[in-house]
Amino acid sequence: MKVNSYDTSQFIKDLEILNISLTDRQISQFLRYYEILIEWNSFMNLTGITEYEEVMKKHFIDSLTLVKVYDVLGTRTVLDIGTGAGFPGLALKIAFPDMEMTLLDSLNKRIHFLDTVIDDLGLSGVYTVHGRAEDLAKPGQLRESFDLCVSRAVANLAALSEYCLPFVKVGGCFVSYKSEKLSEELTASKNAIFLLGGKISKTEKFMLPNSDICRNLICIDKVAATSKKYPRKAGIPTKEPLK
């Protein structure tokens, strides 16, 4: 795995603020991930953020902020829903290789990209799944199979919870990555989360390290099994979020 020469000083400073220590190999894997991302982004839409320093902070560091609210070292099975170009799931896998990571996305082109990165970086214990959350959360599929579900997907929190909570084991957790505006959405989604067997246990508002970029992490504990009527059919959770 050969990578060009990059200034990693800011990336390492940001990692230190999160109390994350990476080996030289892991840092090289992040740099190679960046190179493949930019290469593929030239012919398919993976990200609007392409500058090196911005990708390192707004994609990689942002993905790793999970450590602020969750004990990643004690986590085994993780699912990233709507992973897109692999955020946060693939970034978490590079930093915490003992995680068994599943990356779910509805677009096959993105799955092909992720498979290319996984192969190039020599990662093991990471799986890609092409499909819709509404279908794969059915009994007999991946329902209630994961200790942790994460998502950086842009969607209403009630809708996201309907997509994500059915995959989480009772006793597990769903963590939603959100940008700045949150309070109204949080209040509006509380009953939906209750209906799905969840309970908001923690919310953390913070700035990305060495920046003025505001982020939120919402931890939703799975306290009861999700009713089999959820998630509803494809498209409905987004169009008509539970109230």
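- A 4.5 Å side-chain heavy-atom check between L148 and V150 finds at least one atom pair inside the cut-off.
- In terms of modelled atom types and a separation under 3.5 Å, the side chain of Y52 and the main chain of D7 share a donor-acceptor contact.
- Checked by atom type, the side-chain pair Y6/E35 shows a donor-acceptor distance below 3.5 Å.
- Relative orientation of the W40 and F43 rings is tilted, given thresholds of 30° and 60° on the angle between their planes.
- Rounded to the nearest 0.5 angstrom, I118 CD1 and L103 CG are separated by 5.5 Å.
- Using a 4.5 Å cut-off on side-chain heavy atoms (C-beta onward), T47 and V55 make no contact.
- Side chains of D115 and T128: a donor on one and an acceptor on the other come within 3.5 Å.
- Listed for the Q29 side chain is a donor-acceptor partner under 3.5 Å among the backbone atoms of L121.
- By the 4.5 Å heavy-atom criterion applied to side chains, R143 and L136 are not counted as neighbours.
- Residues F87 and L104 fall into different hydrophobic clusters, defined by Ile, Leu, Val, Met, Phe, Trp and Tyr side chains chained together at heavy-atom separations under 4.5 Å.
- Counting only heavy atoms from C-beta outward, the side chains of S176 and I220 never approach each other to under 4.5 Å.
- Under the 3.5 Å distance criterion, with hydrogens and angles disregarded, no donor-acceptor pair is assigned to the side chains of H130 and S106.
- The line from NE2 of H112 to OG1 of T116 is 4.5 Å long, rounded to the nearest 0.5 Å.
- V67 has its side chain out of reach of N19: every pair of non-hydrogen atoms, C-beta onward, lies at least 4.5 Å apart.
- Clustering ILVMFWY residues whenever any of their side-chain heavy atoms sit less than 4.5 angstrom apart, transitively, puts L208 in the very cluster that holds I49.
- Side chain of K93 to backbone of M99: a donor-acceptor contact under 3.5 angstrom is found.
- Sparse packing is recorded around CZ of F194, with 12 or fewer heavy atoms of other residues, nucleotides or ligands lying under 6.0 Å away.
- Atom CD1 of residue I61 and atom CE of residue M56 lie 7.5 Å apart, to the nearest 0.5 angstrom.
- For the salt bridge (Lys or Arg N to Asp or Glu O under 4.0 Å) criterion with E144, the lone passing option out of K138, K222, K169 is K222.
- With hydrophobic clusters built from ILVMFWY side chains whose heavy atoms lie under 4.5 angstrom apart, F30 shares a cluster with L114.
- The pair E185-K178 counts as a salt bridge, with a side-chain nitrogen and a carboxylate oxygen less than 4.0 angstrom apart.
- The pair E134-R232 fails the salt-bridge criterion, with no side-chain N (NZ, NE, NH1 or NH2) lying under 4.0 Å from an Asp/Glu carboxylate O.
- Between D62 and K57 there is no salt bridge, since none of the side-chain N atoms of the basic residue sits less than 4.0 Å from a carboxylate O of the acidic one.
- Taking the charged nitrogens against the carboxylate oxygens, D221 and K199 have no contact shorter than 4.0 Å, which rules out a salt bridge.
- Q26 places a side-chain N or O within 3.5 Å of a backbone atom of I94 that can act as its donor or acceptor partner.
- The ring-ring contact (aromatic ring centres under 6.0 Å, His included) contacts involving residues 151-175 comprise nothing, where partners must be two or more places apart or lie in separate chains.
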Could you pull out every donor-acceptor pair under 3.5 Å between side chains of residues 72-81 and any protein atom, sequence neighbours left out?
residue: T75; atom: OG1; partner: D71; partner atom: O; Å: 3.0
residue: R76; atom: NH2; partner: E100; partner atom: OE1; Å: 3.2
residue: T77; atom: OG1; partner: D147; partner atom: N; Å: 3.0
residue: T77; atom: OG1; partner: D147; partner atom: OD2; Å: 3.1
residue: D80; atom: OD2; partner: T83; partner atom: OG1; Å: 2.7
residue: D80; atom: OD2; partner: G89; partner atom: N; Å: 2.8

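- Proximity of V129 to I111: side-chain heavy atoms (C-beta onward) are nowhere separated by under 4.5 Å.
- The backbone N or O of L196 lies less than 3.5 Å from a partner atom in the side chain of T226, making a donor-acceptor pair.
- One finds the CZ atom of F206 at 11.0 Å from the CD1 atom of I213 (value rounded to the nearest 0.5 Å).
- In terms of heavy atoms, V168 sits closest to C149 at CG2-CB, 3.6 Å.
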